[in-house]
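What follows is one structure encoded as C-alpha cells, with my remarks underneath.
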There are 2 protein chains.
Amino acid sequence: MQTPKDLHKAGLKITLPRLKVLNLFENGDNRHLSAEEVYKQLLASGEDVSLATVYRVLTQFELSGILVRHHFEGDKSVFELNHGEHHDHIVCMQCGHIEEFFDSAIESRQKKIAAEHGFAIHDHSLYIYGDCTREKCPNRRSE
Amino acid sequence: MQTPKDLHKAGLKITLPRLKVLNLFENGDNRHLSAEEVYKQLLASGEDVSLATVYRVLTQFELSGILVRHHFEGDKSVFELNHGEHHDHIVCMQCGHIEEFFDSAIESRQKKIAAEHGFAIHDHSLYIYGDCTREKCPNRRSE
DNA sequence: TTATAAATGAGAATGTTTATCATTTACTCC
DNA sequence: GGAGTAAATGATAAACATTCTCATTTATAA
C-alpha cells in the first residue's frame, strides 16, 4: 500500500501527523477507530499530535476516499480504511466487537427498492446490532 | 390511539408537555422530528415548553416504546411514532424527504447473517440515501 | 534556498445533548 | 375533595464531540 502516493494523489502534503494517522489504521490492532481513539493511541505511543489535527486529517481522508466514515449507534463517528470493497457491519452491543459482511442479495434488493421509490441511490448504511458470543466478550450472556 | 393510557402504562404521569409532544407526532405534518424541531414547533404554536423537557420526554418515550429513535446521517437524533411495524428508511439528500419501506427478503437475510456470525440480533438500522425525483424536491436534478 | 501556500497546535467556539437543583405539578391516600 | 409525596418541569450550567480561528511552522515548487 503506497500511502505517500495516496496522499499526493489526494492533493495533500506528506506530513508527519498524516503519516502517523495512516499508520495507525494500517498497522494497528483495531480497524475501526473514532477520532478520540486515534488521538489517544497517538499520545500513548509518544506521538504528539493535536486533537484538532486528528479531526482535520480524518475528514480530509474521508473526502479523498482514503477512509470511510461510519455512524454506529451513539454520537461519534468511526473510521476505517477504504479498501475499495463495500461492506456492512454487525456490531456487538456488549463489547463493541465489529464484524464485516457483504450480501449481494441485500445489495440488489436495496437497488430495487430505491428504484421503486423513484430515488437515485447514492449510498446506504446497514448496521446490525446484537450480542456476539465470543469467549472473550466481557459481558457475555450465559447460553 | 389512547395516548394518556400509553403514558400511564409506561409509568409516566400525564402532563401537559408530554401531551403536547405526543400531539405533534400524532397530528403534525411531519412524522419524523428532531428534538430541536419539536421544540421549535411547540414554540411556534404558542406552547411554552423548555428544551430540556423536550429532550427528557423524547428519551422517556423512546424507552417506553412510544417513539423510535433514528440516527440519520448527521449528528442529531430523529424520532417517529412507534406504530408497531418495523420499517426502514430511504432519505433524500437534497430535500430531506423520507420514505419508509419494509422488505422481508432483506429482513430474513439479516437474520441469517447474524446467525452465521454467531450474533444474537437485537436490532438493526438500514438507511438508503439518494436523490428523490419528486416535483417539489427543491434541488431536483434535471433528468 | 527561498518564497508561498498549506498544515499544524492551542484554545475558543459551536451544536447537540445531559445534568443540576429549586420550584411546580400530578397522583395517592385519607 | 385536600394534603402529602414523589415525579416533572424550567432555567441554566455542564458535558461531549466536533469545528473554527489565527498565529506559527512546515512541505513543496521554482
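In the text below, chain A, chain B and the rest are named by the order of the sequence lines, each starting its count at 1. Note that the structure is a prediction, hence the values are computed from the model and not measured.
For B:A35, counting side-chain heavy atoms from C-beta on, the closest listed nucleotide (C:dT17, C:dA10, D:dT9) is C:dT17. Minimum atom distance to the side chain of B:A52 is reached by D:dA11, of the listed D:dA11, C:dA5, C:dT8. Considering only the side chain of A:S50, C:dG9 comes nearest among D:dG10, C:dG9, D:dT28. If you check D:dA27, C:dT8, D:dA8 against the side chain of B:L12, the one that comes closest is D:dA8. Out of C:dA6, D:dT21, D:dA29, the shortest distance to the side chain of A:H8 is found at D:dA29. With distances taken from any side-chain atom of A:T53 to the nucleotides D:dT19, C:dT8, C:dA7, the minimum falls on C:dT8. Comparing C:dT16, D:dT9, D:dT19 against the side chain of B:Y55 picks out C:dT16 as the nearest.
In this structure, B:K76 reaches the sugar-phosphate backbone alone: every heavy-atom distance under 4.0 Å involves primed, P, OP1 or OP2 atoms, never a base. Contact annotation for A:I14: backbone-only contact, meaning every heavy-atom pair under 4.0 Å involves sugar-phosphate atoms and none involves a base.
Protein atom CG of A:L7 is 18 Å distant from nucleotide atom P of D:dT26, rounded to whole Å. Distance A:L51 CG to D:dA17 C1': 9 Å, rounded to the nearest Å. Taking atom CD of residue B:E62 and atom C1' of nucleotide C:dT17, one finds them 13 Å apart after rounding to whole Å. Following rounding to the nearest Å, B:L63 (CG) and C:dT17 (P) show an atom-to-atom distance of 15 Å. If you measure from atom CG of A:L58 to atom P of D:dT18, you get 9 Å, rounded to the nearest angstrom. B:E36 has its CD atom 15 Å from the C1' atom of C:dT18, to the nearest Å. For B:R18 and C:dT25, the CZ to P distance is 15 Å, given to the nearest whole Å. Rounded to an integer number of Å, the gap from CD of A:Q60 to C1' of D:dA27 is 14 Å.
Aromatic pair A:H89/A:F72: centroids less than 6.0 angstrom apart. Between A:F79 and A:F61, a ring centre-to-centre spacing not shorter than 6.0 Å is recorded.
When only modelled atom types and interatomic distance are considered, A:E100 and B:H117 share no side-chain donor-acceptor pair under 3.5 Å.
Here B:R56 does not reach the OP1 or OP2 of C:dT17: none of its side-chain N or O atoms lies under 4.0 Å away. Distances shown here put a side-chain N or O of A:T15 below 4.0 Å from the OP1 or OP2 atom of C:dT8. Between B:S34 and C:dT16, a side-chain N or O to OP1/OP2 separation shorter than 4.0 Å is absent.
The pair A:K112-A:E116 meets the salt-bridge criterion, since a charged nitrogen lies less than 4.0 angstrom from a carboxylate oxygen.
Among B:E37, B:E99, B:E80, the single residue meeting the salt bridge (charged side-chain N to carboxylate O under 4.0 Å, His left out) criterion with B:R31 is B:E80.
Comparing B:S77 and B:K13 along DNA chain C, the residue whose closest nucleotide (by nearest heavy atom) sits nearer the 5' end is B:S77.
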In sequence, state the C-alpha distance, the side-chain angles, and the governing distance for B:H86 and B:H124, and then conclude on ring-ring contact (aromatic ring centres under 6.0 Å, His included). CA-CA 10 Å; B:H86 163 76; B:H124 75 264; 4.6 Å; yes

